[in-house]
Student: 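Sharing a structure, written as structure tokens. Questions coming.
Values below: all heavy atoms of this structure, side chains included; hydrogens, waters and symmetry mates excluded. Residue numbering restarts at 1 for every chain, and letters A, B, ... go by the order of the sequence lines. Keep in mind that this is a model prediction, so the values were computed, not measured.
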Number of protein chains: 2
Amino acid sequence: MSLSPSQNNKTLRRRREILEGASRVFRERGLHATGMRDIAAELDMHVGNLYYYFRNKQDLLAFCQQDALDGLLSRARTVRKEELRADTQLFKLIYAHVHLLNYELPASLAHLEIEALEPEVRQPVLRQRDEYERLLRETVDEGIQSGLFRQTDPKVATLAIRGAVNWTVKWFRPGGPAKIAEIARQFAEYLVMGLLTPGIPPEFPDSSELAFLVGSGSPSPEQRL
Amino acid sequence: MSLSPSQNNKTLRRRREILEGASRVFRERGLHATGMRDIAAELDMHVGNLYYYFRNKQDLLAFCQQDALDGLLSRARTVRKEELRADTQLFKLIYAHVHLLNYELPASLAHLEIEALEPEVRQPVLRQRDEYERLLRETVDEGIQSGLFRQTDPKVATLAIRGAVNWTVKWFRPGGPAKIAEIARQFAEYLVMGLLTPGIPPEFPDSSELAFLVGSGSPSPEQRL
DNA sequence: ACAGAATTTGAACAGGAGTTCAAATTCTAG
DNA sequence: CTAGAATTTGAACTCCTGTTCAAATTCTGT
């Protein structure tokens, strides 16, 4: 007798399946163009059935966004814990962000559209978003403090970074000419170089250190996108 | 006897008024949350009346996006015509973009959501968008060619720039702590520095050269946002 | 095999969205 | 002043979307 399916373990797995199906349709048709019926169709189920797993569309949307931010946050925390130079650390943060968003996280697209959430559901998502932003900004701050980075407003720099990396979701498509790992590397390089104090040689992680992405933290067994 | 109001000059002015009203509501409520009735209400008119000036919502949306891209393009062309070093030129392009989007162009928000346009209406907008991207990329290309910029994929760099600057629309609010001119300056500095070949001192325009934005090209008499 | 819970079905409802249009009103030229 | 065009009104219509729910089905433990 479980009125709220979120407790059961199996139904929670199903919720993830729905998340992935929904995210697939979001990518194809766009977040706002997809209705509950589209999501149901993608999963070969009936509309009403979705409401067994989610109270409403907002609930489903919030679940997607939570998942995306969870992924970003857990990775960012891991990187932050390593004691590295600010430039190396920022490089990894940016690299991980681009990679996660376009390769591992199914719900990444939703992450771009917090405005789509109604205020009640938006709040917890917003809190996580701010926490993530804090991690980024702290890294930039440290870089400036240590003289490694130029004297700039870390808030503005962080927003520039967030914009560049989030925007990738809008144009990157898996089948395209460029590989996501290479794009992630170039983004990280570009956005760190822009902060470095002129004259200081950057210290970037080599590719072996970037394998940290594959197979840890991400909860899905098969690669998703 | 004019069946299509687009010919008449006065109705064209009215179309612009509607564009501005619509854009105001877009900023407040978000593009997808605003209906034709909201737009009509903002302008103290009735819904049906909107359809005297626009065939349908898509037509209105396309008109907004066209306007935004027209503004960006005309400014970018002006900058491109000046014979300047690639870094100076790119600086001005980025500065102008941020400034236009957040200070002068009312319809800037629409510019972010090309996907909201149905294929038929989307095509011409897409063509202009590509033209704009070309101008940006050419500048980056020139910088690389001349050795001023590092050896990178100009396409990727351009996309990073576009992401960073477009994203500003999502977070910048006129009443906020930071002034848009300062943000635009920092963005330009950051994104150009990231491309510069290490060791080469940048050549940025001074503030007097950035006044090029105010009062030219933009068709509205009063400052809009 | 069976009872009771968990899940799925199928159809319906309510509301809001874009859109249409004939009638009323306002504007404009001669 | 007045006819004809241009614009606005007001209400309606249609379609689509999120949502609900009782009934049917499937699953699970004993």
Student: Aromatic ring centroids of His46(A) and Tyr52(A) under 6.0 Å?
Tutor: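 Not under 6.0 Å, so no.
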Student: Would you classify Gly35(B) as touching base, sugar-phosphate or nothing, given that sugar-phosphate means primed atoms plus P, OP1 and OP2, and contacts are heavy atoms under 4.0 Å?
Tutor: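 Sugar-phosphate: the residue Gly35(B), judged by heavy atoms under 4.0 Å, touches backbone atoms but no base.
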Student: Without swapping roles, check the side chain of Asp38(B) against the backbone of Gly35(B) for a donor-acceptor pair under 3.5 Å.
Tutor: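 Side chain of Asp38(B) to backbone of Gly35(B): a pair is present.
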Student: Given dG10(D), is OP1 or OP2 found less than 4.0 Å from the side-chain N or O atoms of His46(B)?
Tutor: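 For dG10(D), OP1 or OP2 has a side-chain N or O of His46(B) closer than 4.0 Å.
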Student: To the nearest Å, give me how far apart CG (Asn49(A)) and C1' (dA6(C)) are.
Tutor: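 Rounded to the whole Å, the gap is 11 Å.
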Student: What's the CD1-P distance between Ile18(A) and dT7(C), to the nearest Å?
Tutor: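 Value for this atom pair: 11 Å.
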Student: When you measure only distances, ignoring hydrogens and angles, does the side chain of Arg37(B) come within 3.5 Å of the base of dG18(C) through a donor and an acceptor?
Tutor: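 Present.
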Student: Rounded to the nearest Å, what distance is computed from the CZ atom of residue Arg15(B) to the C1' atom of nucleotide dT7(D)?
Tutor: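 Nearest whole value for this atom pair: 15 Å.
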Student: Would you say Tyr51(A) reaches dT19(D)'s phosphate, i.e. side-chain N/O to OP1/OP2 under 4.0 Å?
Tutor: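 Checking dT19(D) against Tyr51(A), a side-chain N or O does come within under 4.0 Å of OP1 or OP2.
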Student: Could you check whether any side-chain N or O of Gln186(B) sits under 3.5 Å from a backbone N or O of Asp153(A), counting only pairs where one atom can act as donor and the other as acceptor?
Tutor: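 It does hold such a pair.
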Student: Figure out the CD/P separation between Gln58(A) and dT19(D), and round it to whole Å.
Tutor: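 The answer, rounded to whole Å, is 8 Å.
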Student: Going by distance alone, is a donor N or O of one side chain under 3.5 Å from an acceptor N or O of the other, for His32(A) and Glu113(A)?
Tutor: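 Judged by distance alone, the side chains do pair up.
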Student: Think Lys10(B) has a side-chain N or O under 4.0 angstrom from the OP1 or OP2 of dC27(C)?
Tutor: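 No, Lys10(B) has no side-chain N/O under 4.0 Å of OP1/OP2 on dC27(C).
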Student: Could you tell me how far apart Leu31(B) (CG) and dA17(C) (C1') are, to the nearest whole angstrom?
Tutor: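 Those two atoms, CG and C1', are 15 Å apart.
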Student: Which whole-number value in Å describes the distance from Leu43(B) CG to dT7(D) P?
Tutor: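 Rounded to the whole Å, the gap is 16 Å.
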Student: Separation of Phe54(B) atom CZ from dT8(D) atom C1', in whole Å?
Tutor: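 Going from Phe54(B) (CZ) to dT8(D) (C1'), I get 16 Å.
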Student: Determine whether the aromatic ring centres of Phe54(A) and Phe63(A) lie less than 6.0 Å apart.
Tutor: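 Judged by ring-centre distance (under 6.0 Å), Phe54(A) and Phe63(A) do meet the cut-off.
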Student: Side chain of Tyr52(B) only, please: which of dT19(D), dT7(C), dA6(D) is the nearest?
Tutor: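 My answer, after comparing the listed nucleotides, is dA6(D).
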Student: Using whole Å, report how far CZ of Arg13(B) lies from C1' of dT7(D).
Tutor: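 My rounded result for the distance is 15 Å.
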